[in-house]
Asker: 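Quick one: this structure, given as structure tokens, is what I'll be asking you about.
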Amino acid sequence: ETITNIEKALTEVKTGSFSEARLHLNSARTSAEKVTGNEAILSQANALVIQGQIEAKKGNVKESTDHLNKALGFYKSL
């Protein structure tokens, strides 16, 4: 669920739909609370999602997508 929400947010960020991206990122953050695994990886992934959300709010597409892609990699590694 977390990965799906981040992927949807990435799509929205890339198209400039920042309000929709924010909704998906809020959902990703909520669902991430249920994810288990390596705490260090989870902490990094959650921080990257937050940074991606901040950058999306500012309208910074490149920075937001960079953070969210890194977060996806961490979540997929769990």
Side-chain angles (χ1 to χ4, degrees):
E1 186 177 351
T2 302
I3 291 171
T4 302
N5 280 311
I6 294 171
E7 289 172 339
K8 288 178 181 177
L10 271 167
T11 300
E12 298 298 344
V13 167
K14 290 176 183 175
T15 62
S17 300
F18 299 111
S19 61
E20 289 295 317
R22 216 175 11 226
L23 294 174
H24 291 299
L25 291 170
N26 285 339
S27 296
R29 290 177 62 189
T30 300
S31 65
E33 294 173 5
K34 302 173 198 164
V35 176
T36 59
N38 183 311
E39 288 298 319
I41 292 174
L42 284 170
S43 179
Q44 284 182 303
N46 289 335
L48 286 164
V49 169
I50 292 168
Q51 286 301 315
Q53 190 172 22
I54 291 167
E55 294 302 329
K57 191 173 184 177
K58 293 179 184 177
N60 295 329
V61 174
K62 183 186 181 328
E63 291 84 0
S64 180
T65 56
D66 287 348
H67 290 303
L68 296 176
N69 279 319
K70 288 177 188 173
L72 266 179
F74 282 123
Y75 281 117
K76 288 181 178 181
S77 75
L78 295 172

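Basis for what follows: all heavy atoms, side chains included, without hydrogens, waters or symmetry-related copies. Small disclaimer: the values here were computed from a predicted structure and weren't measured.
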Asker: So, do E20 and L23 sit near enough that their side-chain heavy atoms are less than 4.5 Å apart?
Answerer: yes

Asker: Between atom CD1 of I54 and atom CG of N60, what is the distance when rounded to the nearest 0.5 Å?
Answerer: 11.0 Å

Asker: For the atom pair CG (L10) and CG (N5), what is the distance rounded to the nearest 0.5 Å?
Answerer: 11.5 Å

Asker: Enter the distance from T11:OG1 to K8:NZ here, rounded to the nearest 0.5 Å.
Answerer: 9.5 Å

Asker: For E7, which residues count as a salt bridge (charged side-chain N to carboxylate O under 4.0 Å, His left out) partner, sequence neighbours excluded?
Answerer: K76

Asker: Show the nearest heavy-atom pair for residues S64 and G52, with the distance to one decimal.
Answerer: OG-O, 2.9 Å

Asker: Provide the closest heavy-atom pair for F18 versus V13 in the form atom of the first, atom of the second, distance.
Answerer: CE2-O, 4.0 Å

Asker: What residue pairs, at least two apart or across chains, pass salt bridge (charged side-chain N to carboxylate O under 4.0 Å, His left out) with a residue in residues 62-71?
Answerer: K62-D66

Asker: Which heavy atom of L78 sits nearest to which heavy atom of N38, and what is that distance?
Answerer: CD2-N, 3.9 Å

Asker: Going by the side-chain hydrogen bond (donor to acceptor under 3.5 Å, both in side chains) test, which pairs reach into residues 24-34, not counting sequence neighbours?
Answerer: T2-S31, N26-Q53, R29-Q53

Asker: About how many Å separate CD1 of I41 and CG of N46, when rounded to the nearest 0.5 Å?
Answerer: 12.0 Å

Asker: Just by distance, do the side chain of S77 and the backbone of F74 share a donor-acceptor pair under 3.5 Å?
Answerer: yes

Asker: Are L25 and L68 packed together at the side-chain level, in the sense that at least one heavy-atom pair is separated by less than 4.5 angstrom?
Answerer: yes

